[in-house]
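Values in this document were obtained by computation on a predicted structure and should not be read as measured data. First listed ligand is number 1; within each ligand, the first listed atom is number 1.
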Amino acid sequence: MRNTLVNPGVGELTYEIRNIVTVAEKLQVHGLQINWENIGDPVAKGETIPQWMKEIVTKALMLDETYGYCHTRGVLETRRFISEQTNDIGGAQINPDDIIFFNGLGDAIAKVYGNLKRETRILIPSPTYTTHSTGETAHANAGPVTYRLQPENNWYPDLEDVKNHVKYNPSICGITIVNPDNPTGMVLPEHMLREIVTIAGEYGLFLIADEIYNNIIYNGQRTVPLAAVIGDVPAVAMRGISKEFPWPGARCGWLEFYNTGKDQRFREYVNSILNSKMNEVCSTTLPQKTLPLIFTHPEYRNYLGERVARYEKMSNIAYDILGKVPGLLVNRTNGAFYMAVAFKDGLLTNRQSLPIPGREIRELVENITGGGGVPPDKRFVYYMLAHTGICTVPLSSFSTPLQGFRITLLEKDESEFRKVLRTLAQKITEYLDS
Ligand SMILES: Cc1ncc(COP(=O)(O)O)c(C=O)c1O
């Protein structure tokens, strides 16, 4: 090549959640039994899809129109259904043209950041779900601009930190929130959401609210969708079916734009997102066709309620077991199905280890973790994986200087989950003492 083809630093945009799978699969070949606590796919963790849902999908497949392109923004009846649902909340009022469907919310997230001018920055949480940090930093070709979620305070955002960033960094034009949050399981209280809206309004920013877990909240917690409190601040809400139905393989998510009529610059930006979608014609028709039928099915609420009750149970098991381990900062999760656990400052080093049986596995792990610059929590995660078969994700891969790990709460078998958590608790202590 006579020129470089990618931006400098692009190789750093690795996705640790998937990287560790590659290694775990290698370990599997060497005979290690893996407990997958790393990936947020309920189906991969054994969720069974109810018969009534399969019947709705099957019926949609029998219609010829399901095989055609749909409107660039998405199937009109589905957008009408969603806009009515949002309008019923009683806050932001939208019409079907304020909605655009994408092939998964990941695709939508990439478009939201990718259509911004390079110099325009979005303030994202730290830790943050990697697709947001990757999308934002790739568009800016620079490191992330983040506000702190506080492990010492239920992972709630540090609102002073948000304000200071916005006040002193004029390139920030928007703030991202993920509510409920991945990777922390934090649910943002309504008053904090309102404060963030106020900050955005005061400084002429727009908000990005990833609400893919908005109907997965437990432990008696409450929040409200951004639509309820947005007032006249421009905003994008992000929603999808990957976690809720759950149907991640459908690759179906959508954006809802609020207050596009109230700001010319925001309207231009929304149009640029629509234009980039036009280049792809549209998103997959099938899941969109089924969406209103699934959401309004008489079984839907009970079905989702049962799953949410299970996540609540697993959340509390994880909290009760890990909360007793010295050296950890553990918060009860109240939404989504992840728990982020941080080690107290300075506890992890690059010398700790656990015994790894078998020369090949040991060498593999030593190679991955031995080089300079490997974060200590990455070392921890790989030694834990090779010693116990428990596959977690290093917290530092979620754009945070904090050291820790993320587990999922998706295990269906309660006694298996307790066993995994007890092993993890015991081995953390051994690792820290090693
Ligand atoms: C917070 C958050 N947003 C978006 C996504 C992407 O979802 P999709 O499967 O629709 O691309 C995920 C997936 O894990 C997520 O956790």
Q | Atoms in ligand 1 with a heavy atom of R251 nearer than 4.0 Å | A | 8 (P), 9 (O), 11 (O)
Q) Is the number of heavy atoms from other residues, nucleotides or ligands under 6.0 Å of D345 CG greater than 12? A) no
Q | T131 contact mode with ligand 1 (heavy-atom cut-off under 4.0 Å) | A | neither
Q) Heavy atom of D41 under 4.0 Å from ligand 1? A) no
Q.
Is the contact between F102 and ligand 1 made by the side chain, the backbone, both, or neither, using heavy atoms and a 4.0 Å cut-off?
A. neither
Q: Indicate, as side chain, backbone, both or neither, the part of S242 found under 4.0 angstrom from ligand 1 when only non-hydrogen atoms are considered.
A: side chain
Q) Does D107 reach ligand 1 with a nitrogen or oxygen that is under 3.5 Å from one of the ligand's nitrogen or oxygen atoms? A) no
Q. Mind checking whether Y129 and Y213 have ring centres under 6.0 Å apart?
A. no
Q. So between E211, M238, R239, K243, whose heavy atom ends up nearest atom 13 (C) of ligand 1?
A. K243
Q) Looking only at heavy atoms, is any part of L105 under 4.0 Å from ligand 1, and if so is it the side chain, the backbone, or both, or is it neither? A) both
(Q) Tell me if the CD atom of E152 is crowded by more than 12 foreign heavy atoms within 6.0 Å. (A) yes
Q | Ring centres under 6.0 angstrom apart (F380, F405) | A | yes
Q: Ignoring angles and geometry beyond distance, decide whether G106 reaches within less than 3.5 Å of ligand 1 through its nitrogen or oxygen atoms.
A: yes
Q: Check whether any heavy atom of G104 sits under 4.0 Å from an atom of ligand 1.
A: yes
Q.
Counting only heavy atoms closer than 4.0 Å, does ligand 1 sit against the backbone of H132, its side chain, both, or neither?
A. neither
**Q.** Stepwise side-chain hydrogen bond (donor to acceptor under 3.5 Å, both in side chains) test for T290 and K59
**A.** CA-CA 9 Å; T290 67; K59 266 196 197 146; over 6 Å; no
Q. Do H71 and F101 have ring centres separated by under 6.0 Å?
A. no
Q: Measure the acute angle between the ring planes of F206 and Y269, then classify it against the limits of 30° and 60° as parallel, tilted or perpendicular.
A: tilted
Q | Numbered atoms and elements of ligand 1 in range of I109, under 4.0 angstrom, heavy atoms | A | 4 (C)
(Q) Distance under 4.0 Å to a non-hydrogen atom of V178: what atoms of ligand 1 satisfy this? (A) 1 (C)
Q. Under 6.0 Å between the ring centres of F295 and F245?
A. yes
Q. What residues, two or more places apart in sequence or in another chain, satisfy side-chain contact (heavy atoms from CB on, under 4.5 Å) together with D158?
A. R148, Q150, E160, D161
